[in-house]
Enquirer: 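Just passing along the structure, written as structure tokens.
Every chain is numbered from 1, with letters handed out A, B, ... down the list of sequences.
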Amino acid sequence: MSEDQQFTEIERLRLAKLQALRQQGQEPFPPRVERTHSTAEAIAAYEAAGEQPVSATLVGRIRSMRLMGKLAFAHIEDGYGTLQLFLRADDFGAEALQHFKDHYDLGDFVEAQGEMFRTKAGEISLNVKVLRMIAKAITPLPAAKDEVVDGEVVRHATLADPETRYRQRYADLAVNPQVREVFRIRAAILRALREFLDKHDFLEVETPVLQPVYGGAAARPFVTHHNQLKQDLYLRISFELYLKRLLVGGIERVYEIGRDFRNEGVDRTHNPEFTMLEFYMAYADYQRVMEFTEEMMNFVGKQVLGGSKFSYQGHDIDLANAWPRISIADAVQEFAGIDLSKYPDAASLAAVMAEKKYKVRAGGSRGKLIEDLVGDHVEPLLIQPSFLYDYPREVSPLAKSQPGDANTVERFEGYMGGFEICNAFSELNDPLDQQARFEEMGRSLKADDEDLHPMDEDYLRAMRYGMPPNGGFGMGIDRITMLFTDQPNIREVILFPHLRRREGE
RNA sequence: GGUCCCGUAGCUCAAUGGUAGAGCAGUUGACUCUUAAUCAAUUGGUUGAAGGUUCGAGUCCUUCCGGGAUCACCA
């Protein structure tokens, strides 16, 4: 491929401008810049000085240009806002103005030194004395133009194609300010969660991403290989079993925020890698964790949104209302019209579901069928923050059974906006019961997939040393971010979501 | 993986089976208070790829690539 063919016509023109700058002794990518004010600071300083001229050196990216014969206007954008540059032949120099017109483009980063003033049209601007290129843009940004309507900046014909936006997130972020805002909120959520947990004496830890035995959830793992050890390793599907080992070690309250990997289908609420918070709290049960969850989410709302109310996809949601707590049995009775106590086994439950024309999965256990009922008939209705509790034992191998009801475990899930946001239980700490559950699960999984044997002997050994009773909790950060930023798709809250590889890339 | 929809200029989008277009961006010129600046002129295309039907395909058919929605899957 010749050099000409890898660049578009516009790019070749810009490369020529870059070469011209170099030939004139102006380095288009200098290593150091001057900056006395951000754009916001410069405006504040000018106002604070009673609108008397204030000297300032600003940096930023050129976002608009309006060129006239002996006068030019341009807006630059930095991390704090935008500001208009005013270049007039009288002050800036006729030759310098022509040089600017010939060599500077939208998207270039510049350093501008001059004095703050107000234009005749009333906009606080920088009357530029000296302008310098600090990073030349070869490829044009995909945005068209900004229009100011009632003080709001409206950007026209901006990058909209989702594929390009995700593959070239840098371009998306550069031209779509609302995308930057999503990730600012995401960071604020993480900060607030850490602040809350730290305040409550939790210790933040990091546990292995590469694991010889995966576990803690029912999901297919990614497999990788360590060459020197000649050993297959799995990317973790949860943190659970490692974090609970730490309770055995005497850490009473522990949490981890990090990445989980699940080799499963991809849709608008699932990405192959996603960010999870898990915490474990010794001497707490699932009821205590439920209260703590409400408290934590209200704290996050206050820190991130400044209150408890937000809107998600047209629904007004309020974190501060007491979160309704509904048992699985009551929820299924109310929303699916089935009294679970009358159908004690998979066959009879499947029969009544078929009678009601509900979807029935072939060969599903009673617990699995109950989960399906909840997923189809209850979950989509739970728009306001709500808890479902008391789950079937056979879909919860790490949760403690209810006293007096071995088939029901002390577990809850939190819902908001019509999807699951968290999952928690009174953690099983009886090593003998745990071993039986693993064996049970091994058998039921074996029927589907011979490869799935998540028996973790070392975890059982840890538990035999004695694990304090504790409540555990897991929450998907991506989904919380979707809710708080009103995004319908998980890819909108992940900077570089996974997409299929394109030919030749 | 199944089904449906989509892919046209750098960006946003048009085009009954009949000459591939517009706005913005770009280029050239005019303009000393513009702000989607304005005015005049103008460049830019293997219509995602490869086949097929047809006198003629952006449009119809097949396969492939990529994306979106939905279903399946996901304690």
Enquirer: Taking only Watson-Crick and G-U wobble pairs with both distances under 3.5 Å, what dot-bracket line describes RNA chain B, where [ ] shows pairs that cross earlier ones and | shows pairs with another strand?
Expert: (((((((..((((....[..)))).(((((.......))))).....(((((..]....))))))))))))....

Enquirer: Tell me which of Ala160(A) and Gln84(A) sits closer to the 5' end of RNA chain B, going by the nucleotide each one is nearest to.
Expert: Ala160(A)

Enquirer: Please state how far atom CG in Asn127(A) lies from atom P in U34(B), giving the value in whole angstrom units.
Expert: 16 Å

Enquirer: Salt bridge (charged side-chain N to carboxylate O under 4.0 Å, His left out): which pairs involve residues 113-131 of chain A, sequence neighbours left out?
Expert: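 Matches after skipping sequence neighbours: Glu51(A)-Arg118(A).
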
Enquirer: With a 3.5 Å distance limit and no angle check, can you tell me whether Gln487(A) reaches the backbone of Thr481(A) through a side-chain donor-acceptor pair?
Expert: no

Enquirer: Say we look at G1(B) and U53(B): how far apart would their C1' atoms be, to the nearest angstrom?
Expert: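 Pairwise C1' distance, G1(B) against U53(B), rounds to 31 Å.
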
Enquirer: Whether the side chain of His377(A) engages the backbone of Leu373(A) through a donor-acceptor N/O pair (distance < 3.5 Å, no angle test) should be reported.
Expert: no

Enquirer: The criterion is salt bridge (Lys or Arg N to Asp or Glu O under 4.0 Å); which residues satisfy it with Glu41(A), sequence neighbours excluded?
Expert: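 Applying salt bridge (Lys or Arg N to Asp or Glu O under 4.0 Å) to Glu41(A) gives none.
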
Enquirer: What is the distance from CG of Asp108(A) to C1' of A25(B), rounded to the nearest Å?
Expert: 14 Å

Enquirer: Is a side-chain donor-acceptor pair under 3.5 Å present for Thr408(A) with Asp390(A)?
Expert: no

Enquirer: Applying salt bridge (charged side-chain N to carboxylate O under 4.0 Å, His left out) as the test, list every pair that has at least one member in residues 407-428 of chain A; sequence neighbours left out.
Expert: Lys244(A)-Glu427(A), Arg411(A)-Glu413(A)

Enquirer: Could you label the plane-to-plane angle of the Phe473(A) and Phe279(A) rings as parallel, tilted or perpendicular, counting under 30° as parallel and over 60° as perpendicular?
Expert: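 Parallel.
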
Enquirer: Is the positively charged end of Arg245(A) above the ring of Tyr242(A), judged by distance under 6.0 angstrom from the centroid and angle within 45° of the axis?
Expert: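 Yes, cation above the ring, under 6.0 Å and within 45°.
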
Enquirer: In whole angstrom, give me the gap between the P atoms of A15(B) and C60(B).
Expert: 13 Å

Enquirer: Taking the C1' atom in each of A14(B) and G7(B), what is the distance between them to the nearest angstrom?
Expert: 15 Å

Enquirer: Say we look at C5(B) and U47(B): how far apart would their P atoms be, to the nearest angstrom?
Expert: 23 Å

Enquirer: Looking only at atom P, what distance separates G26(B) and C61(B), rounded to whole Å?
Expert: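 Their P atoms lie roughly 40 Å apart.
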
Enquirer: Regarding Thr207(A) and Glu256(A), is there a side-chain donor-to-acceptor distance under 3.5 Å anywhere?
Expert: yes

Enquirer: Find the distance Ile138(A):CD1 to G26(B):P and express it as a whole number of Å.
Expert: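 Roughly 15 Å, once rounded to whole Å.
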
Enquirer: Whole angstroms only, please: what is the CD-C1' distance between Glu11(A) and U43(B)?
Expert: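 My rounded result for the distance is 16 Å.
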
Enquirer: If we ignore angles and hydrogens, is there a donor and acceptor under 3.5 Å between the side chains of Thr82(A) and Glu77(A)?
Expert: no

Enquirer: For Arg165(A), which contact category applies under a 4.0 Å heavy-atom criterion: base, sugar-phosphate, or nothing?
Expert: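 Contact class for Arg165(A): none.
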
Enquirer: Sort me out a list of protein N/O and nucleotides 67-72 of chain B N/O pairs below 3.5 Å, or just none if empty.
Expert:
| from | atom 1 | to | atom 2 | distance (Å) |
| --- | --- | --- | --- | --- |
| G67(B) | OP1 | Arg167(A) | NH2 | 3.4 |
| G67(B) | OP1 | Arg500(A) | N | 2.7 |
| G67(B) | OP2 | Arg500(A) | NE | 3.2 |
| G67(B) | O4' | Glu163(A) | OE1 | 3.0 |
| G68(B) | OP1 | Arg491(A) | NH1 | 2.3 |
| G68(B) | OP2 | Arg491(A) | NH1 | 3.2 |
| A69(B) | OP1 | Asn489(A) | ND2 | 2.8 |
| A72(B) | OP1 | Lys359(A) | NZ | 2.2 |

Enquirer: Take Tyr389(A) and Asp330(A) through the side chain to side chain donor-acceptor pair (under 3.5 Å) test and state the conclusion after the steps.
Expert: CA-CA 10 Å; Tyr389(A) 65 92; Asp330(A) 288 348; 5.3 Å; no

Enquirer: What's the CG-C1' distance between Leu126(A) and U35(B), to the nearest Å?
Expert: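 Interatomic distance, CG of Leu126(A) to C1' of U35(B): 16 Å.
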
Enquirer: Grab the CG-P distance between Leu159(A) and A25(B) for me, whole Å please.
Expert: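 Taking CG of Leu159(A) and P of A25(B), I get 17 Å after rounding.
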
Enquirer: Report which part of the nucleic acid Pro397(A) touches: base, sugar-phosphate, or nothing (heavy-atom distance under 4.0 Å, all strands).
Expert: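 Base contact.
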
Enquirer: Between Asp267(A) and Thr269(A), does any side-chain donor sit less than 3.5 Å from a side-chain acceptor?
Expert: yes

Enquirer: Let me know the distance between NE2 of His75(A) and P of U35(B), rounded to the nearest Å.
Expert: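 Between P of U35(B) and NE2 of His75(A): 11 Å.
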
Enquirer: I'd like the C1' distance from C64(B) over to G56(B), given in whole Å.
Expert: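 Rounded to whole Å, the distance is 26 Å.
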
Enquirer: Within this structure, what is the CD1-to-P distance between Ile237(A) and C73(B), rounded to whole angstrom?
Expert: 18 Å

Enquirer: Looking only at atom C1', what distance separates U46(B) and G29(B), rounded to whole Å?
Expert: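 Roughly 34 Å separates the two C1' atoms.
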
Enquirer: Using the P atoms only, state how far U70(B) lies from G58(B), rounded to an integer number of Å.
Expert: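 Comparing P positions in G58(B) and U70(B) gives a spacing of 33 Å.
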
Enquirer: How does each nucleotide of nucleotides 28-33 of chain B score, in 5' to 3' order, for protein heavy atoms under 4.0 Å: base (B), sugar-phosphate only (S), or none (-)?
Expert: ---BBB

